[in-house]
Engineer: 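Mind having a look at this structure? Questions to follow.
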2 protein chains.
Amino acid sequence: MYERKIQEDLDCGIIVAMKVFGAKWKPCIIDAISRGAKRPSELHREITNTSPRVIDMQLSELVAYEILSKTIHPGFPLCVEYSLTELGESILPILARLNEWGIKNKEIVKKVSNQQNVNEDLTDKKNKWSTVSSVCQ
Amino acid sequence: MYERKIQEDLDCGIIVAMKVFGAKWKPCIIDAISRGAKRPSELHREITNTSPRVIDMQLSELVAYEILSKTIHPGFPLCVEYSLTELGESILPILARLNEWGIKNKEIVKKVSNQQNVNEDLTDKKNKWSTVSSVCQ
DNA sequence: TTTCATACCGAAAAATTATTCGGTACCTGA
DNA sequence: TCAGGTACCGAATAATTTTTCGGTATGAAA
């Protein structure tokens, strides 16, 4: 496991919040689950811009932080289901807020980005932050 | 300048929002300015957990995104002042929301972190995310 | 016994972000 | 001219996060 060299101040709310759901694919996963996806295989199928491994890692972090609960249904085929806890649900309005702000103000960001990258087409490339389908529309 | 290898989807609000104010020291800088600090030298004095260079870099990004406006008063000594634009002000309630969530739920994060790092004291270390003094109180 | 679908994980590599170091330039007063 | 305060910036390095690759395990059915 990676061990931080520089410690974090876990009494700062923003640090805490970003630690819990401020990672590239977490908003995307939380969003997909809030829309009904439950099983890892569903999520893998639905979120195709990253590898299953990435999703698995973030899922287990979200479980550790009690944003998701995990239920194992033994049998065949093995079935695992994730769902939002109450704590997880409480993140949704904040994500919506962030998304709303971003949608409203994306033009300025695009403008700045265009000033910098005068090259490349964006087709088929991957992103630092994950597009969150329903939230992002 | 660093050139991204993986492009971002700037139509996703969350991606945009995180690009604008989701960086280690930006909430801290925005917060300090909202509380009255204006000049770079003041910010350097007030935010001591990182180097002046870091603050300068983030300031100019925030100006590019029109979160801050920059006024140069020629004369001696040279005086530069940054202040929040209307767009910048619109971030404050979102930061407050993030902070509120984090404060309310920091215990679970601490618990998880303790399970992992059974070592090190936190004294004098630096953080991935910056403590935001008034917001974080 | 092999195969297939499920779910998961370790470790290295790549990408990105943050930090440090050592500068420049401007203006003024000593 | 030199020192001292202000504001800024390039480039190398370090730290962190994300991605890729190649596995393990379980149970059932062919």
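Residue numbers start from 1 in every chain, and the chains themselves are labelled A, B, ... in the order their sequence lines are given, proteins ahead of strands. All figures in this text were calculated on a predicted structure; none of them were measured in a lab.
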Engineer: Within residues 53-71 of chain A, find the residues that approach DNA chain C with a heavy atom at under 4.0 Å, and present them sorted by residue number.
Structural biologist: A:Arg53, A:Asp56, A:Lys70
Engineer: So, is B:Arg4 close to the C:dA15 phosphate, meaning a side-chain N or O under 4.0 Å from OP1 or OP2?
Structural biologist: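 Indeed not, no polar side-chain atom of B:Arg4 lies that close.
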Engineer: Whole-Å distance between D:dA12 C1' and B:Tyr2 OH?
Structural biologist: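 Interatomic distance, OH of B:Tyr2 to C1' of D:dA12: 15 Å.
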Engineer: Does C:dA7 have OP1 or OP2 sitting under 4.0 Å from an N or O in the side chain of A:Tyr82?
Structural biologist: no
Engineer: How long is the straight-line distance from CG of B:Asn99 back to CG of B:Leu92, given to the nearest 0.5 Å?
Structural biologist: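 Spacing of CG (B:Leu92) from CG (B:Asn99) equals 12.0 Å.
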Engineer: Could you work out, with side-chain hydrogen bond (donor to acceptor under 3.5 Å, both in side chains) as the rule, every residue matching A:Glu81, not counting sequence neighbours?
Structural biologist: A:His73
Engineer: In whole angstroms, how far is the C1' atom of C:dA5 from the CG atom of A:Leu43?
Structural biologist: 17 Å
Engineer: Checking the side chain of A:Lys70 only, and the main-chain atoms of A:Val80 only, is there a donor and an acceptor separated by less than 3.5 Å?
Structural biologist: no
Engineer: Pick out the pairs of N or O atoms, protein on one side and nucleotides 26-30 of chain C on the other, that lie under 3.5 Å.
Structural biologist:
none

Engineer: Tell me: CD1 of B:Ile72 to C1' of D:dG5, nearest whole Å?
Structural biologist: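 Going from CD1 in B:Ile72 over to C1' in D:dG5 covers 17 Å.
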Engineer: Just so I know, are the side chains of A:Phe21 and A:Ile67 near enough to count as touching, which here means a heavy-atom distance under 4.5 Å?
Structural biologist: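 No, too far: nothing below the 4.5 Å cut-off.
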Engineer: Can you list the residues that meet the salt bridge (Lys or Arg N to Asp or Glu O under 4.0 Å) rule with A:Lys111, with sequence neighbours excluded?
Structural biologist: B:Glu66
Engineer: When the distance from NZ of A:Lys19 to C1' of D:dT16 is rounded to whole Å, what number comes out?
Structural biologist: 11 Å
Engineer: Has the side chain of A:Lys38 got a donor or acceptor atom that lies under 3.5 Å from a matching backbone atom of A:Ser83?
Structural biologist: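 Not confirmed, A:Lys38 side chain does not pair with A:Ser83 backbone.
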Engineer: Would you kindly give the NE2-to-P distance between A:His44 and D:dT19, to the nearest whole Å?
Structural biologist: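 In whole Å, D:dT19 P and A:His44 NE2 are 14 Å from each other.
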Engineer: For the helix from C:dT1-D:dA30 to C:dA30-D:dT1, figure out the bend between the end axes, five pairs an end, and round to 10 degrees.
Structural biologist: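 Roughly 30°, once rounded to the nearest ten degrees.
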Engineer: Please tell me if the side chains of B:Trp25 and B:Leu59 come closer than 4.5 Å, counting only heavy atoms from C-beta onward.
Structural biologist: no
Engineer: When you get a sec, tell me which of C:dT6, D:dT6, C:dT19 is the closest nucleotide to the side chain of B:Thr50?
Structural biologist: C:dT19
Engineer: So do B:Lys19 and A:Ser113 actually touch side chain to side chain, heavy atoms under 4.5 Å?
Structural biologist: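 Answer yes - side chains close enough.
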Engineer: Would you please name every residue forming a salt bridge (Lys or Arg N to Asp or Glu O under 4.0 Å) with B:Lys110, sequence neighbours left out?
Structural biologist: A:Asp11
Engineer: Check whether any side-chain nitrogen or oxygen of B:Trp25 sits under 4.0 Å from OP1 or OP2 of C:dT17, and answer yes or no.
Structural biologist: no
Engineer: Rounded to the nearest 0.5 Å, how far does CG of B:Leu43 lie from OG1 of B:Thr50?
Structural biologist: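 It is 12.5 Å, given to the nearest 0.5 Å.
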Engineer: What is the distance, rounded to the nearest whole Å, between atom CE of A:Met18 and atom C1' of C:dA18?
Structural biologist: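 Rounded to the whole Å, the gap is 17 Å.
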Engineer: Between B:Ser34 and B:Leu84, which heavy-atom pair has the shortest distance, and what is it?
Structural biologist: CB-CD1, 3.6 Å
Engineer: Report the distance from atom CE of B:Met1 to atom C1' of D:dC8, rounded to the nearest whole Å.
Structural biologist: 18 Å
Engineer: If I take atom CD in residue B:Glu81 and atom P in nucleotide D:dC8, what distance separates them, rounded to the nearest angstrom?
Structural biologist: 12 Å
Engineer: Of the listed nucleotides (D:dT18, D:dT16, C:dT20), which one gets closest to any side-chain atom of A:Lys5?
Structural biologist: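 Closest of the options to the side chain of A:Lys5: D:dT16.
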Engineer: Does A:Arg39 make a side-chain N or O approach to OP1 or OP2 of C:dA7 shorter than 4.0 Å?
Structural biologist: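 Result: yes.
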Engineer: Side chain of B:Val80, heavy atoms from C-beta onward: which of C:dT17, C:dA7, D:dA7 has the nearest atom to it?
Structural biologist: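 Of the options given, the side chain of B:Val80 lies nearest D:dA7.
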Engineer: Could you tell me if the side chain of B:Val20 sits less than 4.5 Å from the side chain of A:Trp101, heavy atoms only?
Structural biologist: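 Yes, side chains in contact.
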